[in-house]
Number of protein chains: 2
Amino acid sequence: MGQGMSKSNNVYKDAYNRCLRLLDETRSLPSEPELGTLLGVSRTTVRSILARMEETGLIAWNKRAKTVLRDPRPDDFFPEEETDTLAEIIERSFMRRLLAGGAEAGMQINELELAREIGVGTTSVREFLIRFSRFGLIEKRRNSHWVLKGFTRAFALELTEIREMFELRSAAAFAALPQDSPVWADLDRLEDEHRLLAREIATRFNAFSELDERFHRLIHRASHNRFIVDFYDVIAMIFHYHYQWNKAQERERNEVAVGEHLAYIEALKSRDLGKVDAACRKHLKSARHTLLTSIPESRPLQKS
Amino acid sequence: MGQGMSKSNNVYKDAYNRCLRLLDETRSLPSEPELGTLLGVSRTTVRSILARMEETGLIAWNKRAKTVLRDPRPDDFFPEEETDTLAEIIERSFMRRLLAGGAEAGMQINELELAREIGVGTTSVREFLIRFSRFGLIEKRRNSHWVLKGFTRAFALELTEIREMFELRSAAAFAALPQDSPVWADLDRLEDEHRLLAREIATRFNAFSELDERFHRLIHRASHNRFIVDFYDVIAMIFHYHYQWNKAQERERNEVAVGEHLAYIEALKSRDLGKVDAACRKHLKSARHTLLTSIPESRPLQKS
DNA sequence: AAACTGTTTTTTCACGATAAAAGACATTAA
DNA sequence: TTAATGTCTTTTATCGTGAAAAAACAGTTT
């Protein structure tokens, strides 16, 4: 694939695609700085996007006037795979290898080999591994290779131990928040989404994982502790891949979890610390159980 | 300084210096692989060391025979500053800037500028910042600069909150360890060192920080949780620099801390969970207090 | 004058290249 | 035949470089 290429323009491509979707809604686009904040990119990138949109006849562009000429067609979009960050590409490849079996604990990781296999430079792989190391799954030997510690039962237990400690504390902090805190409105909105999902669970059960993450992040944020908030990244990463590999009884599991969340939300709203503690404990216990059953007895994880 | 230079040979130089110290003790050096494990380097590096030692007339080297010819002189050693890792150099420079005042929270960090100022490549600075980010003092803006969050009171409080949570749990786990666990011998040895230091506190009070770290790491290891063990890196880093900048009442503070450690050790040996909890809490409370008083009221930290 | 567009500069991201260091393989000595 | 030494190969650490993207500056328009 792309060889010798210094840097992919995925930021531009991704923003372009998102900008296309904006086109449906209006007859003319806002100013360049406004578009920049809207898309989360710099004006330089906004101008590249506008230039191409003019070229392909999507808009007429003359200084402030950016008139939409036609609706975007499917082939106006850049292919999805070209909009991914290098970091995302590397993470996916790495996790696939990790979960594809044959990834025994203790095995050593070769930067050069990984880079060649994925088709990227070694620097990007190194940086990925350094970032990834905080998840506790790999470890660096000074001046030498990385060692895979493996997705073991021990890992899951250590992870959930911290999770439980942090979430119990965060939940208690949440319940103690003053009535006028905006989090209560956030919680109400999440409750509605949960009720909606509960009704449509038969068809939309796979929408749970995303909702789950938003719910728990809201609670963790109440701790007002960066280490607790940041640690949820580790949990989110693990559960993200967990949801992908463990499809057994997914519908049932998610249905139960939605119910537990609703009870948990009720407890939070009651602001009764005893109830909060109980509801939180109950949910975390079943989350732990689900994670543990997907990991075979003290062996590295295999794809289901 | 070193420009255009691809990689410094600090591993070799550091190992060489350590190998010189070995020369005092024996008449002849062991085999190459043995020396490698002793010094923690590869045989390639060992052979470079031996080659130079032969050249400078320190040893006679013929295959297995490595006879010491003379004692090393001070000028045989490589200068200390040439034995540092790039990562160490960058960390020191970075922390100096951070603590030298004028490092306001919210300030942005420029990779290129840092690299130029320290005289290293941008890659090394990037990798350092990624590793450093887990300490919670800096944060990355996607596709853009890093932001300094600052050594604030809030930071210290968040840090100590986690520390207390983790250490109380670890201490309880420690006390519950079976009598035949090797940690009890480790604890006895640390107790002796504490008693020794307590007696010589007037002159050796600055030896405390190293002992402190070893003591707390031993306790944290009893948790058997990688996240707890790894988190001690954050604490150790902060306290390492804390000891450097806050020299006010150092002797008194350390004397008190040694006393608290001894009480803490007694409590652990009693295996009475109530006593352990109390002793641990007491020590952590005064550690927190010490840290907090060195940070001025909700402002970035200034050098004392 | 405030907010925009046009232009230039700076910084980030990612690569290939190269010396240091590790590791593997072949050979030899005890 | 085990464990060393001698030699060769591979990997890691670090740099300089160049395109993508951000940011700063300058000139316009409302």
Side-chain angles (χ1 to χ4, degrees), chain A residues 2-15 30-36 40-50 61-66 85-87 89-90 108-116 119-130 140-146, chain B residues 2-15 30-36 40-50 61-66 85-87 90 108-116 119-129 140-146:
Chain A
Q3 67 188 12
M5 156 177 70
S6 237
K7 194 184 181 186
S8 92
N9 53 352
N10 67 80
V11 173
Y12 157 71
K13 287 178 176 172
D14 182 53
S31 77
E32 294 172 14
E34 208 169 323
L35 262 176
V41 295
S42 74
R43 249 189 78 215
T44 309
T45 305
V46 168
R47 297 187 112 242
S48 312
I49 292 171
L50 292 174
W61 181 24
N62 188 327
K63 310 207 168 169
R64 321 203 155 197
K66 305 170 197 86
T85 314
L86 239 207
I89 294 169
I90 297 175
Q108 68 188 61
I109 297 162
N110 189 319
E111 289 177 5
L112 203 60
E113 190 190 320
L114 250 180
R116 274 194 295 243
V120 298
T122 55
T123 313
S124 313
V125 169
R126 279 174 68 78
E127 288 181 4
F128 164 75
L129 291 172
I130 295 170
K140 176 99 181 126
R141 289 277 135 67
R142 229 2 175 70
N143 286 316
S144 183
H145 53 259
W146 291 84
Chain B
Q3 69 188 9
M5 155 177 70
S6 236
K7 193 185 182 184
S8 90
N9 53 354
N10 67 79
V11 173
Y12 156 71
K13 286 177 177 172
D14 181 53
S31 78
E32 293 173 14
E34 208 169 324
L35 261 176
V41 294
S42 74
R43 249 190 76 216
T44 308
T45 305
V46 168
R47 296 187 112 242
S48 312
I49 293 171
L50 292 174
W61 182 25
N62 189 327
K63 311 210 167 166
R64 320 200 157 200
K66 306 172 196 81
T85 314
L86 238 207
I90 296 174
Q108 70 188 58
I109 297 162
N110 189 318
E111 289 177 5
L112 203 59
E113 190 190 320
L114 252 180
R116 273 193 296 243
V120 299
T122 57
T123 313
S124 312
V125 169
R126 278 175 68 76
E127 288 182 7
F128 164 76
L129 290 172
K140 175 99 183 129
R141 289 271 142 32
R142 205 54 154 47
N143 285 317
S144 184
H145 53 258
W146 291 84

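Lettering of chains follows the sequences in order, A, B, ..., and the numbering in each one begins at 1. For the numbers below, each heavy atom of this structure counts, side chains included, while hydrogens, waters and symmetry mates do not.
- Annotation: salt bridge (Lys or Arg N to Asp or Glu O under 4.0 Å) contacts of A:E127 (sequence neighbours excluded): B:R126.
- Remark: C1' of D:dT12 and CG of B:N10 are 13 Å apart, rounded to the nearest angstrom.
- The side chain of A:N110 contributes an N or O atom lying less than 4.0 Å from OP1 or OP2 of D:dT12.
- Bending across the helix from C:dA1-D:dT30 to C:dA30-D:dT1, expressed as the angle between its end axes from five pairs apiece, amounts to 30° (10° rounding).
- In this structure, CG of B:L112 is placed 6 Å from P of C:dT12, rounded to the nearest angstrom.
- Comparing A:S8 and B:S8 against DNA chain C, the residue whose closest nucleotide sits nearer the 5' end is A:S8.
- Contact between the side-chain N/O atoms of A:T45 and the OP1/OP2 oxygens of D:dA22 is found at a separation under 4.0 Å.
- For the atom pair NZ of A:K13 and OG of A:S48, the computed distance is 12.5 Å after rounding to the nearest 0.5 Å.
- Nucleic acid contact class of A:K140 (heavy atoms, under 4.0 Å, all strands): sugar-phosphate only.
- With sequence neighbours excluded, the residues that form a salt bridge (Lys or Arg N to Asp or Glu O under 4.0 Å) with B:R141 are B:E139.
- A:R116 comes within contact range of the sugar-phosphate backbone alone, with a heavy-atom separation under 4.0 Å but no base atom that close.
- The nucleotide whose nearest atom lies closest to any side-chain atom of A:V41 is, among C:dA22, D:dA22, D:dT5, D:dA22.
- Here B:I109 lies in heavy-atom contact (under 4.0 Å) with sugar-phosphate atoms only.
- Contact check, B:K7 against C:dA22: no side-chain N or O comes under 4.0 Å of OP1 or OP2.
- The CZ atom of B:R142 sits 14 Å away from the P atom of D:dA23 (whole-angstrom rounding).
- The salt bridge (Lys or Arg N to Asp or Glu O under 4.0 Å) test applied to A:R116 returns no partner, not counting sequence neighbours.
- Within a heavy-atom distance below 4.0 Å of DNA chain C, the residues of residues 121-129 of chain B found are B:R126.
- Where B:Y12 and A:N62 meet DNA chain C, the nucleotide closest to each residue was compared, and A:N62 sits on the side nearer the 5' end.
- Under 4.0 angstrom from either OP1 or OP2 of C:dA21 there lies no side-chain N or O belonging to B:S48.
- The CG-C1' distance, from B:L35 to D:dA4, rounds to 13 Å in whole Å.
- Taking atom CZ of A:R141 as the reference point, atom P of D:dA13 lies 13 Å away to the nearest angstrom.
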Short heteroatom pairs, N/O only, protein and nucleotides 23-30 of chain C, under 3.5 Å:
{"residue": "C:dG23", "atom": "OP1", "partner": "A:S144", "partner atom": "OG", "Å": "2.8"}
{"residue": "C:dG23", "atom": "OP1", "partner": "A:H145", "partner atom": "ND1", "Å": "3.4"}
{"residue": "C:dG23", "atom": "O6", "partner": "B:T44", "partner atom": "OG1", "Å": "3.1"}

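- The residue A:K66 sits close only to the backbone: its heavy atoms come under 4.0 Å of sugar-phosphate atoms, none of a base.
- Look at CG on B:D14: it is 14 Å from C1' on C:dA20, rounded to the nearest Å.
- For the pair B:L50 CG and C:dA21 P, the computed distance is 15 Å after rounding to whole Å.
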